[in-house]
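Computation of the quantities below employed the complete heavy-atom set of this structure, encompassing side-chain atoms and omitting hydrogens, waters and symmetry-equivalent molecules. Counting starts at 1 for both ligands and their atoms, following the listed order.
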Amino acid sequence: MNEFPVSKPPVSEKPGFLRLAKFQVYRLLKGELVTRRDVVTATAAGATGIAIERMFGFGINFSSKQVEKVVSGAVPKIEVIDARKSKQAIEKLGDYVYLTPEKLGGGTHAVDMGAGKTLAWISYWNYGDSCPISHHLAAYPSADPLKHFEFVNSTQGGDNVTIYNIPTQIKERGLLDKWGQGNHIYRVNFDGQSMNLMEDVAATTGMGLGVHTTIYPDATGFAGADGQKDICAFFDRPPEPKTSVLAAFRADWIPNDPKGNLEDNWAKGGRVRLEKLVPAKETGKFDLEGSKGNKLNWEMVPMAEYLVYTGQLPGDSPRTLTGLDAVVHHPGNKYSALILRMVSSAIIIDRKTWEPVTCLHNPEGSPDNLEIKKVSSNPDTWEVKFDDIKCVGHEAGFSPNGKIFTMMNNIKQNNMAVFDTSSPDPRKWNRFTFVKDPDWKGDFPSPFHLCFSMDGKKMFVSVLYPKPQLSGCCVVDTESWKIIAKFPNIGPDCQTMAVTYDGKYVFQIFSGFQRLSSGVFIFKQDTLEPVGYLPNFGGHHDCVIIPRKNEDLKNSRCTTL
Ligand code: CU
Ligand code: CU
């Protein structure tokens, strides 16, 4: 069974038979026929063995020789397209507005891809923010983005500007004090002419969060999170600039061995405690603006979980860190996944009841779906028990049809866990395979951000190398979960990816956010043909193509990071 790296069966299996996972039974019950093509695709990839499992599970016996024959018959060839050979893109891309934050550049700009011009921009220092690291953003749908759109943009600040070896006097000059601590959540609109700051949601609500932001699938609000504070919050979207918090949670790690060496603090297991946060009665606000509530002195940059467990990322409370830096939404608009980096897990929350339902655990060799139990009602508190933590994890997302959840396992394991999330009950969401690449070992290169093609048949993954090396991306076939193409050497710091909603193009932003080259590399969603490069100034850390309708959010900064 080794050639089919399927997760450990949760139930006993009959010897001689491969496991028939619950979702496959479900698919069989739905009357799906097992075709020869199923066998060829699944086994050619050698990845999941789904079809083979179906056959065995249904009593159709293939001798191992036959199976092997099918396997060796169609091993997919990985197409390697060296991006550096591409020229400037001259193709007409459509009237898409591409929005990108400039990270250390301190603002955000929008490019009209149809006209090849910057549409508008904003810089947050103009509003009195003395250290605006424009970090992540997500945009609400707009019927005509060239006339109007609205987005939410988190910022970092404080010591985060000092970790990139810039010989700066910014701290000595007091710019990181009160007005430079970051963790603003700027709500901004474009009115057809310029960008306007509508609201600092952190100031309105007292909830300052500086990392990922994601719009709900029905566009009625957004979630934000912050891995330095281990806090996430769910916000509404009122017509007036008076956003409120619908619910907020803090995660804490309670190690089994709190006095042992720091690496064992996580490795030897423990509990994640999730607590619902309530605002102060007098003010109706939270007291978490700026650096208030930080467990770490600066953010965990990609793969910096390692710095935490080797004591190189100090702060008030590193031992309690779970690294809750993101929330992604299932497109069914009921469940959201709280992403916990230090324990490579995702707690699934019901956004109607604000109750956590289950916890998906990603590392290979670990159980995949863990129970979450309520341990207190005052405040509402839940706990998940972990026997051990085999590796850290990071970026994650749901497929546009909601049938797949995937999350990166990083550093000790470098792969992507893939869950079947087609059951209406998240407690039945199980991991069935991993996306792997022999090149993904150690800290780098590592799978980083992801998105799906409009038809869901492909998954695009940025692959990060440390600067000044050039990062790239790869393409995964979502039937076999094998890599079918690679685009190495795109540029330094490839970050999030975006697809045009007509199904034509994939945009891979590269930021060189530490003052290196930056731009966007474009290729075709269907043929994977490279289209070329376009300039894109600033030091991006994210990107989003403004959606035109709610449906577009399924492939935007909503379901994926
Ligand atoms: Cu992140
Ligand atoms: Cu980031």
- request: Decide whether Asp368 and His361 meet the rule of one side-chain donor and one side-chain acceptor closer than 3.5 Å.
  value: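 Checked: Asp368/His361 side chains show no N/O donor-acceptor pair below 3.5 Å.
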- request: Report yes or no: is the cationic atom of Arg187 (NZ for Lys, CZ for Arg) closer than 6.0 Å to the six-membered ring centre of Phe151, at no more than 45° off its axis?
  value: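 Geometry flag: not set, cation outside 6.0 Å or 45°.
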task: State whether Phe234 and Lys276 meet the cation-pi test: NZ (Lys) or CZ (Arg) under 6.0 Å from the six-membered ring centroid, and within 45° of the perpendicular axis.
output: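 Judged by the rule, Lys276 and Phe234 form no cation-pi pair.
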- prompt: What side chain to side chain donor-acceptor pair (under 3.5 Å) pairs are there with at least one residue in residues 103-113, not counting sequence neighbours?
  reply: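 Side chain to side chain donor-acceptor pair (under 3.5 Å) check on residues 103-113 returns Thr100-His109, Lys103-Tyr164, Lys103-Glu299, Thr108-Ser134, Thr108-Asn153, His109-Asn536.
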task: May I ask you to list the protein N, O or S atoms found at less than 2.8 Å from the Cu ion (ligand 1)?
output: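 You should have found His212 NE2, Asp325 OD2, His394 NE2.
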message: Main chain of Asn489, side chain of Gln469: is a donor-acceptor contact present, judged purely on distance under 3.5 Å?
response: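 Between the backbone of Asn489 and the side chain of Gln469 there is no qualifying donor-acceptor contact (under 3.5 Å).
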field: Ring geometry between His394 and His449 (parallel below 30°, tilted from 30 to 60°, perpendicular above 60°)
entry: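 Tilted: the ring planes of His449 and His394 meet at 30° to 60°.
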